[in-house]
Amino acid sequence: MQFKESAIRVGGQALDKSDAIAKVGELLVKSGNIEPGYIASMLAREEVANTYLGNGIAIPHGIPKDRELIRETGVAVLQLPEGVIWNNDERVHLVVGIAAKSDEHLTILSNLTDVLDDAEEAKRLATTTDAGDIARRLSGGQDVAADAAAAEDAPQEYELGFEHVVTSPHGLHARPATALVDLSKRFDANILVRNKNKVGDAKSLIGLLKLGIEKDATIRISAEGPDAAKALEAIFNALAEGLEDEEEAAAEASVGAPIALEAIAYEGPVIKAISASPGIAMGPVCQLQRGRIVVAEKSSATAKAELQRLEAAVLQGKAELSALHDDMLAKQGAGKAAIFKAQGEFLDDPEMLGKARALISDGASAGWAWKESYEEHAEALSAIKDEILSARALDLRDVGRRLLKLLADKVEDDPDLPDSPIILVADDLTPSDTAGLDPNLVLGLCTASGGPTSHTAIIARSLDIPAVVGAGTDCLALEDGMHVILDGASGLLVTGPTEKDFAAAGMARNAYEQQAEAERNACYQPAIMRDGHRIEVVANIGNVEEANAAVVAGGEGVGLLRTEFQFLQRDTEPTEDEQYEAISAMIRAMNGLPMIIRTLDIGGDKDVPYLSTPEEMNPFLGVRGIRLCLLRDDIFRTQLRAIFRASRHGPIRIMYPMISSLDELRAAKAITEEVRQQVGADPVEIGMMIEIPSAVMMAEEFAREVDFFSIGTNDLTQYALAMDRMHPQLAKMADGLNPAVLRLIRKTVEAADAAGIWVGACGGIAGDPLGAMILTGLGVHELSVSIPAIASVKAKVRSLSMQEVRAFATRALACTEASEVRALK
Ligand code: PEP
Ligand code: MG
C-alpha cells in the first residue's frame, strides 16, 4: 500500500470528533483513496463502534458494505496538537483515517500497536511538525513496500529452536544482549533471534538491539550447524538463569520461560501411561471409590409392582440423561453431550430389558434383576478385545448404576472426594463422574484404562486439568495420600519422586503456566502473523454470558452465534420480543465488535419437542437447519424480525446453516429481504455455512450470491465421511483434519477467492492449534473458536508466517489419512 506523505496534515484543528473525521476523510478524498460518500460511512461506523485505540490515537474507517466507495486502499493522518474529545475523557491527537479494500492497512495498524504501547512516542508524534516523521513511524521506520521487501530478504529461521518470553522489565537490553552475543560466539552454529517479524544474528550486538526486544516479547532462538543443539541448550540455560543481568538474577521468578517444554528425566520410579491432557500436577493420590449400591435379591412385592418400578426407573433414568445431555450441549458442545445420548440408548435395549423382566417374573426384585442383566451385557462387551467396544462396556456400567441407584434399597454416598486438592486415580472415569469434577480440587487425573480419546481425556482437556490414561492396574495399588507427580505432557505418573524431581516438575509447571499466562496477557493483541497477514480470531457463543466472556477473552467478534440455544431447554417457542431482547443484549455486550448471527439450526442432535417435528429415521439427514426454517417460515420470520430489530444496536451479519442447494439459499434470502423491508432495517451482510459437500461442489455459484462463507467443519466432516458426529464408535474417526475434508476446504476457499468474498471457519478444528495452522494455510481468513481457545489460537497464529503455513497446508493436503496429517512436523 502507498503511504503518501501528502495524506498527512500536521498542526490541524477540529471542532469536535465529527469534524475531525470529516477532515481526515477529506484528506483521503484528496489523495484519491475514496469517493466523498465514504466520509458518511466513516461517521456512521463511529456511531456503532468507537474507533479510539488508546494513547491519543483513533482510527476512523467506514462500514464494510461501503467498500465500493474506496478507490484505492490508503491511510490519511490528521494531527491535532491540541486534540479533540473523542469519547468521554478520551482526547485524540492523531486521527488515522483508514480506507481499506482488504487487509493491506494492517501493517500500519500493527505499527500503530507499537506506538500504542509507547506513550512518549505517541506524545512526540502528536506534536511533531514533520509529516515525514509520522509517515516513517506508521510505516515501521521505512515505507511499506521496503518493509515487505525487507521481510522477504530477512534471513530464514532455522527449524531447531525454542521460544522464550522476556519478562525482565527492561527487555533484552544492552547487558544481557552482550552476554547472549558472547555466548553465541562460542559456537560454530549460525544462531538467529526472532522478535515478531524481525530476525537478527545472535552473534551481532547491533543485530540484537535492532530487534527492539521489550518486556513480554516472545522471542525465538534457532540454530543450524554442527553444534546447533549444544548452542541452543547453553542459550536456553543462560536465559533461564537471567543472562548475567543482576536484576534478573535477583528476581528469579521474572525470568521468561521457554514455550516448548522439555521432557523431564525423573529420578524416582514412574508408571508409564498415555498423555491425555498437558500440564503438570503434584499432590496426594486419592483413589476413586464409588458408592456401594445395596439391592435385595428377592422382593416381597408382586412381580407386577416390580415391573412398574423398573419401567418408572427407566423413564427417570432417560430424563436424567436427557437433562445431562442438554446441559453438556450448552456448556461443552455436541461432541461431549453425545456420550449421554448414547448412554440413553442402552435404556431402550430390548434384550437387556427383556432379561430383567424375565428375572422379575421369576420373583427377583427390580434392582437385582436389572443388575444381573446389565452386568452380564457389560461383561460380554468388555470380553471383546476391541478398544471401542470395551469403552461401551464402561458406558453401560455407568448407565446401569444410574438406574440401579433408583432401584436400590440403600445407596452409600457418591464418591466422597476430600475438599482439599488431590490427584484422582481411578480404573476409568465415567461421563457422570467427570461431569461433577471440581477443577479447583482435582489437580490431575490418572486412569488405569482408557485411551487418548476416552471421556476422561476429552473432559480433562476441556477443564484444563493435566491427565494421563491407560496407566495400567499398578496405579490402582497406590495408597491414598502418597505424593506423586503427574506429568500430563509426557504421559507419566512419578510414584516416588525425589526432591530433584519435585524441583524439576515445579519449574516445568511454572513454565507451562507462564506460557498460558503469556498467551492470556497477549489475548487483546491482534493475530498478525510474522509476515504481516492478519487472521481474525472470533468466538462461538450461545448466550449473553458467553458474549461477555468472549470479549474478556480477547475475541475480536463473534463468528458464530448459535441461536438455537434460545430454543433449547424450554417448553414453548421464544416470542419475537424474547428473541429480540436476547440478541440485543448479546450485540450490546460485544460493544461494537461484529457478530455473525446464524439463523436457527434445529434438528439433528438438537431436538425441540414443542415444535412437534415428526420423528425421523436419520435426523442428521432430515429436516434440519434452513430446511426446517423454510418449511416453518413462521418460526424463521419471527427470528429474522427479532434479528433485524436488534441490528440497530451494533454491527451484525446473518448466516444460514445447512444450505445444500441454491434454491434454499435464494428462498432464505428472499424471506430475509422481505422481513428486513417490513422492519425497515438497514441491509446487513448475508453469508452461509459451508457444511454440506454439495455446497462445496457448487461453491463458485454460491459465492456470487453471498457476502461470505463460514465453514462448519463439524458437519462438513460428518457429511463428507458419512460418519455420524454423535456416533459412539465412529465419532473419534470423524476427524476434521482428514485430507478429504481439507481438500473440500481448499475448494471452498478457491471459489470464494475467485468471487472476492472472505471465508471463515467455525467448526472444532479451528480451535485446535494444528487445525488453526492448516486452515490459515488453506486461506481461511477468520477462525471462530470456543472461548477458552481464543488466546492460544491467537498466540499460535502470531508465531507463524503465511509462507510456512501455506507450505504446511500443502503437505497436509497431500496426506492420505487424518493420522498422517496429525503426525506432520
Ligand atoms: C459445524 O458444523 O462445524 C458448526 C460449527 O456448527 P454446529 O456445530 O453448530 O453444527
Ligand atoms: Mg453445523
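Hydrogens, waters and symmetry mates are skipped; everything else that's a heavy atom, side chains included, is used. Counting starts at 1 for both ligands and their atoms, following the listed order.
Nearest N/O/S atom of Glu691 with respect to the Mg ion (ligand 2) is recorded as OE1. The atom of Asp715 nearest to the Mg ion (ligand 2) is OD2, with the search restricted to N, O or S atoms.
Each of the atoms 1 (C), 2 (O), 3 (O) of ligand 1 lies under 4.0 Å from some heavy atom of Gly712. Using a 4.0 Å cut-off to heavy atoms of Glu691, the atoms of ligand 1 that qualify are 1 (C), 2 (O). Per-residue contacts place Cys762 under 4.0 angstrom from the following atoms of ligand 1 (heavy atoms of the residue considered): 5 (C). For ligand 1, the atoms closer than 4.0 angstrom to any heavy atom of Arg562 are 4 (C), 5 (C), 6 (O), 7 (P), 8 (O), 9 (O). Short contacts between ligand 1 and Arg624, defined as distances under 4.0 Å to a heavy atom of the residue, involve ligand atoms 10 (O).
With a 4.0 Å cut-off on non-hydrogen atoms, Arg598 touches ligand 1 through its side chain and not its backbone.
Scanning the protein heavy atoms around atom 3 (O) of ligand 1, the nearest turns out to be Asn714 N, 2.7 Å.
Checked by distance only, ligand 1 and Glu564 stay at 3.5 Å or farther apart across all their nitrogen or oxygen atoms.
In terms of heavy atoms, Ser694 sits closest to Ser660 at OG-O, 2.9 Å. Closest approach of Leu600 and Ile602 over heavy atoms only: CG-CG1, 3.4 Å.
Using modelled atom types, one finds no donor on one side chain facing an acceptor on the other under 3.5 Å when comparing Asn540 with Ser786.
Taking the six-membered ring for Trp and thresholds of 30 and 60 degrees, Trp758 and Phe708 have nearly parallel ring planes, at less than 30 degrees apart.
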Which atom pairs, one a donor and one an acceptor, fall under 3.5 Å between side chains of residues 760-780 and the rest of the protein, sequence neighbours left out?
{"unit_1": "Asp768", "atom_1": "OD1", "unit_2": "Leu770", "atom_2": "N", "d": "2.8"}
{"unit_1": "Asp768", "atom_1": "OD1", "unit_2": "Gly771", "atom_2": "N", "d": "3.1"}
{"unit_1": "Asp768", "atom_1": "OD2", "unit_2": "Arg822", "atom_2": "NH1", "d": "3.4"}
{"unit_1": "Thr776", "atom_1": "OG1", "unit_2": "Ala772", "atom_2": "O", "d": "2.5"}

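More than 12 non-hydrogen atoms from other residues, nucleotides or ligands lie less than 6.0 angstrom from CD of Glu573.
At distances below 3.5 Å, not a single donor-acceptor pair connects side-chain atoms of Asn618 with backbone N or O atoms of Phe620.
Taking only non-hydrogen atoms, the option from Asn540, Asp715, Leu560 nearest to atom 2 (O) of ligand 1 is Asp715.
Interatomic distance, Glu701 CD to Leu665 CG, rounded to the nearest 0.5 Å: 12.0 Å.
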